[in-house]
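Have a look at the structure that comes next, please.
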Amino acid sequence: MNDNKINENEDDKAAKPSNFIREIIDRDLEEGKNDSRVHTRFPPEPNGWLHIGHAKSICLNYGLARDYGGKFNLRFDDTNPLKEESSYVESIKKDVEWLGAKWEDRLFFASDYFEQLYEWAVKLIKDGKAYVDDLSADEIREYRGTLTEPGKNSPHRDRSVEENLELFEKMKDGDFPDGSRVLRAKIDMASGNINLRDPVMYRIKHAEHHRTGGKWCVYPSYDWAHGQSDSIEGITHSICTLEFEDHRPLYDWFLDNLGVHHPQQIEFARLNLNYMIMSKRKLLQLVQEGYVSGWDDPRMPTVAGLRRRGYSPESIREFCERIGVAKRESVVDIALLEHTLREDLNKRALRMMAVLRPLKVVIENYPEDKVEEVEAINNPEDQSAGTRMIPFSREIYIERGDFLEDPPKKFFRLAPGREVRLKHAYFITCKEVIKDGSGEVIELRCTYDPETRGGSAPDGRRVKGTLHWVSVPHAVDVEVRLFDRLFNNEDPAEGGDFLKNINPDSLETLTECKVEPGLKDAKPGEYYQFLRKGYFVVDSEDSTPDQPVFNRSVGLRDTWAKIQKKGKKK
RNA sequence: UGGGGUGUCGUCAAGUGGUAAGACACGAGCCUUUGGAGCUCGCAUCGCAGGUUCGAAUCCUGCCACCCCAGCCA
């Protein structure tokens with residue numbers, strides 16, 4: 001194994017994934033830029049809940065600050081009072097914290113800087129670099145030109161500094177109606193980059209802001225607020241997504257013309273996952289139109305949805321680590337997300353037995369009123385998790401799918417005349433199949449071999465299958481929710497209307513599942529593995545103290561299903 | 001002849017002139033009181049075409065493809 005230490009070191013190095021952003025930071029550090037500080041930030045707009053794509057950004061920004069011994073800020077980009085709410089601020093704070101990113105005492109709001117922003121705008125006006133425009137929104141659009149044709153100057157572009165100052169102040173004071181005027185930066189109406197064609201810095205909105213109330217009648221645009229907020233906070237590396245690439249010249253222009261600390265904007269490709277949508281607008285629509293139960297519906301790609309679904313913060317962080325950071329647009333396979341969850345939970349989830357679709361089995365040669373306790377291992381991956389005792393009796397439930405009257409080849413489970421092992425208990429052999437009037441199997445009569453207690457035969461004979469089970473008189477009834485992908489298409493937008501691709505069977509609720517008694521006291525948020533079935537978490541919303549509801553987070557790798565699928569294809 | 005980006009395995013993603021990491025997925029096998037987990041093995045010549053070089057995914061030239069931008073959204 002360790003016959004070559006040099007190779008081991010190289011492996012360690014390879015384990016720390018390099019990416020273009022780290023290279024930029026390494027170079028900046030070498031050059032002593034920013035006094036060798038690294039300071040990042042996560043700047044959400046409080047107009048919706050965070051999703052897995054935001055988690056990537058959070059892990060990236062926080063991870064960089066952590067690894068380089070720097071700082072990380074949480075800053076709400078709250079410049080549009082019409083779309084923002086403090087309820088979103090609360091959900092976002094909760095999610096960022098849950099993901100493990102620590103902003104310490106650096107929780108900020110762009111609205112904290114409205115005063116400073118206003119003063120800087122006045123400075124630009126005085127410098128002849130900004131002006132008040134009376135054109136309507138439609139006119140501004142017309143004057144802007146097109147992608148291939150240059151724009152033309154607004155007739156108000158050359159107003160005097162005095163007039164601009166006076167008008168801007170009146171805008172601020174609320175003397176003009178919404179939409180009647182804007183403050184624009186005076187840059188270049190002929191620029192090939194449309195963002196430089198005199199971008200709007202302030203618009204009039206007589207609106208109540210979630211933090212500043214009715215104090216302001218003008219609100220800064222994203223471009224005007226963002227870079228300056230970064231500068232004020234001493235951010236060194238301002239990381240954002242690709243679509244802001246052509247905003248960078250404007251980001252730089254404002255900072256250069258103000259002569260203030262100049263962070264470097266760096267763009268990376270946002271996360272896309274197949275079978276999922278990441279658009280806040282579309283997610284909002286799913287919520288508002290009732291396609292899901294809310295932002296935290298376990299089928300949602302939101303951080304809250306994933307949390308409720310049973311994803312651990314560790315698994316999400318690991319996922320974000322593994323997908324890497326680059327500039328090329330990509331679509332990550334959802335299988336990787338599921339893999340990181342299984343990988344994490346495999347190590348720590350307690351194993352329990354739960355029968356989702358019960359079929360009663362009567363063990364004919366087992367004494368009527370006998371009950372014995374069998375020892376079960378809590379987690380084969382973790383000896384320290386210990387063992388527990390579970391009751392075994394004459395009548396038990398097994399999974400309906402674990403019995404087939406006419407089993408195909410390679411079906412290792414129970415069938416007439418066949419012997420299988422009941423996990424931790426005994427070998428049983430199916431002797432008789434009992435059906436109802438319609439021919440449905442309603443009960444199995446079996447015999448057990450008392451010599452096989454614990455699950456192995458003294459004579460050394462082996463069985464192919466091992467089934468999970470729950471003792472009938474001791475079973476606890478619980479509700480279990482099984483989730484499937486919310487969309488049928490890898491690309492939910494395929495065909496133009498994502499709503500048409502919604503999977504109508506994305507939620508299946510099972511109400512009479514039988515679980516072992518120890519699960520009665522399961523607490524919300526606890527992770528479990530139901531043997532042979534998957535990972536489940538106690539739902540945090542609908543569980544009651546004595547009635548847990550379980551959500552299936554992800555199934556176990558299912559080789560049997562794969563074999564069946566292959567058989568069908570042939 | 002608008003501007004800005006990107007093209008390495010099915011999917012992500014390293015590689016920065018010295019002869020294609022890793023992960024997921026997939027396939028084969030071992031092992032197994034979860035058909036789980038684990039283990040072993042297999043799996044690309046780098047968008048295309050030229051060129052430079054002893055040697056190119058890496059440099060040059062020319063193509064091609066895809067993505068973003070015309071909100072007083074972020």
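Please read all numbers here as calculations on a predicted model, not as lab measurements.
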*Please confirm whether A:Phe244 and A:His226 have ring centers closer than 6.0 angstrom.*
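Ring centres of A:His226 and A:Phe244 not closer than 6.0 Å.
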_If I take atom CG in residue A:Asp252 and atom C1' in nucleotide B:G4, what distance separates them, rounded to the nearest angstrom?_
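Checked: the CG to C1' distance equals 14 Å.
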*asked:* Between B:G36 and A:Glu381, counting only base atoms on the nucleotide and side-chain atoms on the residue, is there a donor-acceptor pair under 3.5 Å?
replied: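 Side chain to base: pair present.
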*Would you classify A:Thr559 as touching base, sugar-phosphate or nothing, given that sugar-phosphate means primed atoms plus P, OP1 and OP2, and contacts are heavy atoms under 4.0 Å?*
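Contact class for A:Thr559: sugar-phosphate only.
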*Taking only residues two or more places apart in sequence or in another chain, which ones pass side chain to side chain donor-acceptor pair (under 3.5 Å) with A:Arg144?*
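Partners of A:Arg144 by the side chain to side chain donor-acceptor pair (under 3.5 Å) criterion come out as none, since no residue qualifies.
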*Using ring-ring contact (aromatic ring centres under 6.0 Å, His included) as the criterion, list what pairs up with A:Tyr426, not counting sequence neighbours.*
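Residues passing ring-ring contact (aromatic ring centres under 6.0 Å, His included) with A:Tyr426: A:Phe392, A:Tyr448.
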*Ignoring hydrogens and angles, state whether a donor on the side chain of A:Asn489 or A:Asp491 is under 3.5 Å from an acceptor on the partner side chain.*
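No, no side-chain donor-acceptor contact under 3.5 Å.
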*Close aromatic pair by centroid cut-off 6.0 Å: A:Trp469 and A:Tyr397*: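 No, the ring of A:Trp469 stays outside the 6.0 Å limit from the ring of A:Tyr397, centre to centre.
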*If each of A:Val332 and A:Arg421 is mapped to the nucleotide of RNA chain B with the nearest heavy atom, which maps nearer the 5' terminus, i.e. the 5' end?*
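Residue closer to the 5' terminus by nearest nucleotide: A:Val332.
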*Could you check how far CG of A:Asn272 sits from P of B:U11, rounded to whole Å?*
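Going from CG in A:Asn272 over to P in B:U11 covers 14 Å.
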*What string of B, S and - do you get for nucleotides 39-47 of chain B, 5' to 3', if B is base contact, S is sugar-phosphate-only contact and - is no contact with any protein heavy atom under 4.0 Å?*
---------
*Quickly work out the A:Lys347 NZ to B:G38 C1' distance and round it to whole Å.*
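Rounded to whole Å, this separation is 14 Å.
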*Should B:G27 be called syn or anti, with syn set as within 90° of 0?*
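Because its glycosidic torsion lies more than 90° from 0, B:G27 adopts the anti conformation.
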*d(CZ, A:Arg197; P, B:G4) in whole Å*: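 From A:Arg197 CZ to B:G4 P: 13 Å.
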*Protein-nucleotide distance (A:Phe268, atom CZ; B:C12, atom C1'), rounded to Å*: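 Distance check: A:Phe268 CZ to B:C12 C1' gives 15 Å.
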_Whole-Å C1' distance, B:A20 and B:U32_ =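 Their C1' atoms lie roughly 36 Å apart.
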*Taking the same atom, P, in B:U8 and in B:C48, what whole-Å distance lies between them?*
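B:U8 and B:C48 have their P atoms separated by 10 Å.
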*Rounded C1' spacing from B:G22 to B:A13 in Å*: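 Rounded to whole Å, the distance is 8 Å.
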*Please lay out, stage by stage, how A:Glu45 and A:Asn47 fare under the test side chain to side chain donor-acceptor pair (under 3.5 Å).*
CA-CA 6 Å; A:Glu45 181 188 12; A:Asn47 68 341; 2.9 Å; yes
_Closer than 3.5 angstrom, by distance alone: can the side chain of A:Ser191 be matched with the main-chain N or O of A:Ile194 as a donor-acceptor pair?_
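No: the side chain of A:Ser191 does not pair with the backbone of A:Ile194.
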*Rounding to the closest angstrom, what is the interatomic distance between B:A57 and B:G47 at atom P?*
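Here B:A57 and B:G47 have their P atoms 10 Å from each other.
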*Take atom P in B:G17 and the same atom in B:C59, then report the distance between them in whole Å.*
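Looking at atom P only, B:G17 and B:C59 are 8 Å apart.
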*Name the stems that RNA chain B belongs to, where each is three or more consecutive Watson-Crick or G-U pairs with both distances under 3.5 Å?*
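Correct response: B:2-7 with B:64-69, B:10-12 with B:22-24, B:26-30 with B:38-42, B:47-51 with B:59-63.
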*Has the side chain of A:Arg248 got a donor or acceptor atom sitting under 3.5 Å from an opposite partner on the base of B:G4?*
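Flag unset: no donor-acceptor pair detected.
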*In whole angstrom, what separates A:Asp188's CG from B:G4's C1'?*
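That distance rounds to 16 Å.
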*Quick one: A:Leu196 CG to B:G2 P, roughly how many Å, whole number?*
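A:Leu196 atom CG is separated from B:G2 atom P by 18 Å.
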*For A:Phe76, all residues meeting ring-ring contact (aromatic ring centres under 6.0 Å, His included), sequence neighbours excluded*: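 A:Phe76: ring-ring contact (aromatic ring centres under 6.0 Å, His included) contacts with A:Phe109.
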_Base contacts versus sugar-phosphate-only contacts with protein, heavy atoms under 4.0 Å: please encode nucleotides 69-74 of chain B as B, S and - from 5' to 3'._
BBSBSB
*Would you say the ring centroid of A:His247 lies under 6.0 angstrom from that of A:Tyr251?*
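That pair fails the under 6.0 Å test.
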*Using the C1' atom in both, what is the distance from B:U11 to B:U19, to the nearest Å?*
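Roughly 27 Å separates the two C1' atoms.
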*Could you tell me the separation between the CD atom of A:Glu321 and the P atom of B:C24, rounded to a whole number of Å?*
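For the pair A:Glu321 CD and B:C24 P, the rounded distance is 15 Å.
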*May I ask you to say whether A:Glu399 pairs ionically with A:Arg357, meaning some side-chain N is under 4.0 Å from a carboxylate O?*
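A:Arg357 and A:Glu399: not salt-bridged.
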_The criterion is side-chain contact (heavy atoms from CB on, under 4.5 Å); which residues satisfy it with A:Ala207, sequence neighbours excluded?_
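Scan of A:Ala207 (side-chain contact (heavy atoms from CB on, under 4.5 Å), adjacent residues dropped) gives A:Pro81, A:Leu82, A:Lys205.
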*Heavy atoms under 4.0 Å, any strand shown: does A:Glu338 hit a base, just sugar-phosphate, or nothing?*
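Touches nothing.
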*Partners meeting side chain to side chain donor-acceptor pair (under 3.5 Å) with A:Ser471 (sequence neighbours left out)*: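 Only A:Ser393, A:His474 meet the side chain to side chain donor-acceptor pair (under 3.5 Å) criterion with A:Ser471.
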*Just call it for A:Phe411: base, sugar-phosphate, or nothing, with non-hydrogen atoms closer than 4.0 Å on any strand.*
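The residue A:Phe411 makes base contact.
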*Is it true that A:Tyr202 and A:Phe168 have ring centroids separated by less than 6.0 Å?*
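For A:Tyr202 and A:Phe168, the ring centres are under 6.0 Å apart.
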*asked:* Centroid separation under 6.0 Å, is that true for the rings of A:Phe412 and A:Trp560?
replied: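 Between A:Trp560 and A:Phe412, the centre distance exceeds or equals 6.0 Å.
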_Name of the residue among A:Arg532, A:Met353, A:Lys423 meeting side chain to side chain contact (heavy atoms under 4.5 Å, CB included) with A:Leu467_ =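 Of the listed options, the one satisfying the test is A:Arg532.
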*Would A:Phe530 and A:Phe536 count as a close aromatic pair, with their ring centres under 6.0 Å?*
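A:Phe530 vs A:Phe536: aromatic centres under 6.0 Å.
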*Say you pick atom P in B:G55 and the same atom in B:G18; how far apart are they, in whole Å?*
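Between the two P atoms, the distance is 15 Å.
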*So what does A:Leu422 touch, heavy atoms closer than 4.0 Å: a base, only the sugar-phosphate, or nothing?*
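No contact.
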_Inter-nucleotide P distance (B:A23, B:C39), Å rounded_ =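 Comparing P positions in B:A23 and B:C39 gives a spacing of 11 Å.
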*Identify, with sequence neighbours excluded, every residue that meets salt bridge (Lys or Arg N to Asp or Glu O under 4.0 Å) alongside A:Arg211.*
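Here the qualifying residues are A:Asp112.
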Sub-3.5 Å pairs of nitrogen or oxygen atoms, protein against nucleotides 13-16 of chain B:
{"from": "B:A13", "atom 1": "OP2", "to": "A:Arg328", "atom 2": "NH1", "distance (Å)": "3.1"}
{"from": "B:A14", "atom 1": "OP1", "to": "A:Val325", "atom 2": "O", "distance (Å)": "3.3"}
{"from": "B:A14", "atom 1": "O3'", "to": "A:Ser18", "atom 2": "OG", "distance (Å)": "3.2"}
{"from": "B:G15", "atom 1": "OP1", "to": "A:Ser18", "atom 2": "OG", "distance (Å)": "2.7"}
{"from": "B:G15", "atom 1": "OP1", "to": "A:Glu23", "atom 2": "OE2", "distance (Å)": "3.4"}
{"from": "B:U16", "atom 1": "O4", "to": "A:Glu23", "atom 2": "OE1", "distance (Å)": "2.9"}
{"from": "B:U16", "atom 1": "O4", "to": "A:Glu23", "atom 2": "OE2", "distance (Å)": "2.2"}

*asked:* Base contacts versus sugar-phosphate-only contacts with protein, heavy atoms under 4.0 Å: please encode nucleotides 25-32 of chain B as B, S and - from 5' to 3'.
replied: SSSS----
*Can you name the residues that form a ring-ring contact (aromatic ring centres under 6.0 Å, His included) with A:Phe403, not counting sequence neighbours?*
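A:Phe403: no ring-ring contact (aromatic ring centres under 6.0 Å, His included) contacts found.
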